[in-house]
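All chains are named by letter (A, B, ...) in the order of the sequence lines, taking the proteins before the strands, and each is independently numbered beginning at 1. This one's a predicted model, so the numbers in the text were calculated from it and none came from an experiment.
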Amino acid sequence: MSDPMRIRAQLMGDKVDVRVLMAHEMETGLRKDTDGKIVPPHYIQSVSATCNGKTVLSAQWGPAVSKNPTLAFRFAVASTGAKAGDKVIVMWVDNKGEKRSDEAAITLPT
Amino acid sequence: MNRRDVLRTSGGSVAMALAASAGLLTVKSASAQAWNKTAFEVKSLNEVVRAMGGASATESKDISFVNAPDIAENGAVVPVGATSKIPKTESISILVEKNPNALSASFTIPEGTDPTISTRVKMSQTSNVYALVKADGKYFYAVKEVKVTLGGCGG
């Protein structure tokens, strides 16, 4: 199992600002190791974020997304009824079928 | 036979075998949409648009880049963000023209989410970066050149 994602969800006026840092190798399948063998591809293929049961972002990724990917986006409070304390859940699935899901509570700006 | 052909023939079949053995079926059932394999394998903007089911894309001034540098010192980590002012933006995709495969990432924007996303991508060399937007069933794009001083594909 890979390391947990770091997720920050912050209430900003009528929007929720979400920043995610995922721990993943994101191997392209093009790189060779020190023995000259090709390192098999291993990368996140799909990502989705939900809040209060509503999908607020979904994505399909290729191997060209950087190692330990970051993601930033904003969604409206109006469409989800999100308030401070509600959870934003982020989930990814990679090309080997491994998956990970983490959540963070929406915080008020400091 | 150049490098690209080698990868296409040998790497392609290996990848297929891997995908089959690793149970790509579970991935498909887990995600709302199946991973668009064709779109991630083609080389150009137009081919990606076609793989996504469109005909062609037109350039638009209503799409702009955020965070994307003019010069990236490290091609392995190039921040790229894009924002669309086009009404009914449904998806935003990031493409790097000179990467082995053009499409890097494709984001589906549900209603209520800002048509602005940012992430980090790898770039093998100095290249045009495209932000491809699907809005109301049509495709639009913006382009920006990012110079890379150190490639990001290793090996």
Residues 10-23 of chain A vs chain B, non-hydrogen distance cutoff under 4.5 Å, contacting residues -> A/K15, A/L21
Between the CH2 atom in A/W61 and the OG atom in B/S106, the distance rounded to the nearest 0.5 Å is 12.0 Å
If we ignore hydrogens and angles and just use 3.5 Å, is the side chain of A/Q45 paired with the main-chain N or O of B/W35 as donor and acceptor? no
dist A/S46:OG -> B/N36:CG (nearest 0.5 Å) comes out at 12.5 Å
When every non-hydrogen atom of B/G112 is compared with those of A/S79, the smallest separation belongs to CA-OG, 3.6 Å
Cut-off 4.5 Å, heavy atoms of chain A, and the answer for B/T116 is backbone
Whatever's closer than 4.5 Å to a heavy atom in chain B on A/A78 counts as neither
Whatever's closer than 4.5 Å to a heavy atom in chain A on B/V96 counts as neither
Looking only at heavy atoms, the pair that brings A/V65 and B/A105 closest together is CG2-CB, 3.9 Å
Discussion item. Given 3.5 Å as the limit, does a donor-acceptor pair link the side chain of B/T119 with the main chain of A/T70, or not?
Written reply: yes
Side chain to side chain contact (heavy atoms under 4.5 Å, CB included) test vs B/T113 passes for just one of A/T55, A/T80, A/V56, namely A/V56
In terms of heavy-atom pairs under 4.5 Å with chain B, the winner among A/V47, A/V77, A/L71 is A/L71
field: Beyond-backbone contact of A/L30 with B/P100, side-chain heavy atoms, under 4.5 angstrom
entry: yes
| message | For the NZ atom on B/K138, are there more than 12 heavy atoms of other groups (residues, nucleotides or ligands in this structure) within a distance under 6.0 Å? | response | no
Checklist entry - Is it the case that more than 12 heavy atoms not belonging to B/E145 sit under 6.0 Å from its CD atom? => result yes
With chain A, the option among B/L103, B/I117, B/I94, B/V78 that has the most non-hydrogen atom pairs under 4.5 Å is B/I117
Do B/K122 side-chain atoms and A/M26 backbone N/O form a donor-acceptor pair below 3.5 Å? yes
| Honestly curious: do B/V129 and B/V143 fall in one hydrophobic cluster under the side-chain, below-4.5 Å linking rule? | yes
CG (A/N68) and CZ (B/R120) are apart, to the nearest 0.5 Å, by 7.0 Å
Given A/S48, A/A76, A/A72, the one with more heavy-atom pairs under 4.5 angstrom with chain B than any other is A/A72
Are there more than 12 heavy atoms of other residues, nucleotides or ligands under 6.0 Å from atom NZ of B/K144? yes
Counting heavy-atom pairs under 4.5 angstrom with chain B, the leader among A/A59, A/S66, A/P69, A/G36 is A/S66
- Task: Could you walk me through whether B/F107 and A/L57 pass side chain to side chain contact (heavy atoms under 4.5 Å, CB included), step by step?
- Result: CA-CA 7 Å; B/F107 297 86; A/L57 187 79; 4.0 Å; yes
